[in-house]
Amino acid sequence: MESVRIIQWLNLVACVLLLLKAEGSLVPLTLVENALSKGAVCLDGSPPAYHFDKGDGEGINNWIVHMEGGGWCKDADDCLGRKDTRLGSSKQMVEDLYFSGILSNEREYNPDFYNWDRVKIRYCDGSSFTGDVEEVDPTNNLYFRGARIFSAVMEDLLAKGMEKAENAILSGCSAGGLTTILHCDNFKALLPSKATVKCVPDAGYFINVEDISGARFIEDYYSKVVSTHGSAKNLPTSCTSKLSSGLCFFPQYVASHISTPIFIVNSAYDSWQIRNILAPGAADPSDNWHSCKLDLAKCSPDQLSIVQGFKKEFEKAVSVVGDSSSNGMFINSCYDHCQTESQETWSKSDSPHLANTTISKAVGNWFYDRSPFHHVDCNYPCNPTCQNTVSDLKDHPGI
């Protein structure tokens, strides 16, 4: 019996290794040690980090810089909870990270970008790379330096060849998707004027809506994040000159002012937003929404009606991106969160489709100006290609 178990285990390991070989690669961690002298550090004072897989052939001067997600922290106590985790310290980050989806180095699974220089910047500041507070409170020794991290890591990448970029994409998932939106124009400004530079935020279009209790939980939360991290000075002035800095953390108030071409990848029923913005725990003390938030198929008729109302609000919020051919969007009705990092949702025969097109093909066609793509899906549960009806958010902490 024991020998059978060993054989089964070895077969499982072999299958995993074959999968890794087939769809992506393991990429080592790089610490940006010289960032320490600039005060560009994680919450715990450790240096920022990224994973870099160098391109080859025709992709050698093309770059994808992908920002990791992982929520935010709104005050000192909240940030202390992250300080000794990978979301607050590079000391806790794994040495090797698996690249797949938009970061895959396999042509079959990532046909337009497989041979580009591909980078994943790790997230350890809790502010979507917007914070910058000089003072460090000796009672907690927390560093709020996200904006400095962004600058220091970009400087390191420019020195490693990005200064010669001919094509470049800033992308990211969740809080990293929000980073992509907030830093889109900043990223373009760093690169050669002749370079083609575009942005692809994934699941980063967080919207400002009332929760099920009638309160605006997320608006209050974002206001605290911005205040704690000193983010105001690093948010787009086109927004902060007119609105409060807390509101300028929301894409719907800044997207219309972004001059760099941008392609929004998002679900109109984003599972993180349904669970944390529409029906956060504070608005549902009796936990009546528990089953519904796990699986939309388990929502009551009244709950599903409210969820459909959220989609309408999302469509209204994302409409400010406009429908010009320079911008694009893939807004499906899958109950999911982050769809560019996973091979299953990025580019496979059974991946989510809109207009008979996968996310990978839509983004590639848009980037290379082969054809525009600007589609918003019908109402849940209309799309039979949505495979992830029960969304797993283990890598994306709630609030």
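- For F310 and Y269, the gap between ring centers reaches or exceeds 6.0 Å.
- The existence of a salt bridge linking D220 and K74 is excluded, since no basic side-chain nitrogen approaches an acidic carboxylate oxygen closer than 4.0 Å.
- The two atoms that bring V133 and R145 nearest to each other are O-NE, 2.8 Å, heavy atoms only.
- A salt bridge does not link E108 to K348: none of the charged nitrogens lies less than 4.0 Å from a carboxylate oxygen.
- Looking at E166 and K194, no side-chain N of the basic residue comes within less than 4.0 Å of a carboxylate O on the acidic one, giving no salt bridge.
- Ring pair Y123/F129: centre-to-centre distance below 6.0 Å.
- When ring centroids are compared, W116 and F367 come within the 6.0 Å threshold.
- Within the 4.5 Å cutoff, the side chain of L278 has no heavy atoms near those of the D211 side chain.
- For Q273 and H337, the side-chain atoms include no donor-acceptor pair closer than 3.5 Å.
- Here the side chains of V65 and I121 are in contact, with some heavy-atom distance below 4.5 Å.
- A salt bridge links E68 to R86: one of the charged nitrogens lies within less than 4.0 Å of a carboxylate oxygen.
- Looking at F187, F113, F52 one by one, the single match for ring pair (Phe, Tyr, Trp, His ring centres under 6.0 Å) with W63 turns out to be F52.
- Judged by distance alone, the side chains of W72 and S128 do bring a donor and an acceptor atom under 3.5 Å apart.
- In summary, K83 and D78 do not engage in a salt bridge, as defined by a charged side-chain N under 4.0 Å from a carboxylate O.
- Across T180 and G172, no two heavy atoms sit closer than the pair OG1-N, 3.3 Å.
- Put simply, the side chain of D284 gets close to the backbone of W289: a donor and an acceptor are under 3.5 Å apart.
- Taking the six-membered ring wherever Trp is involved, the centroid distance between the rings of F330 and W366 does not fall below 6.0 Å.
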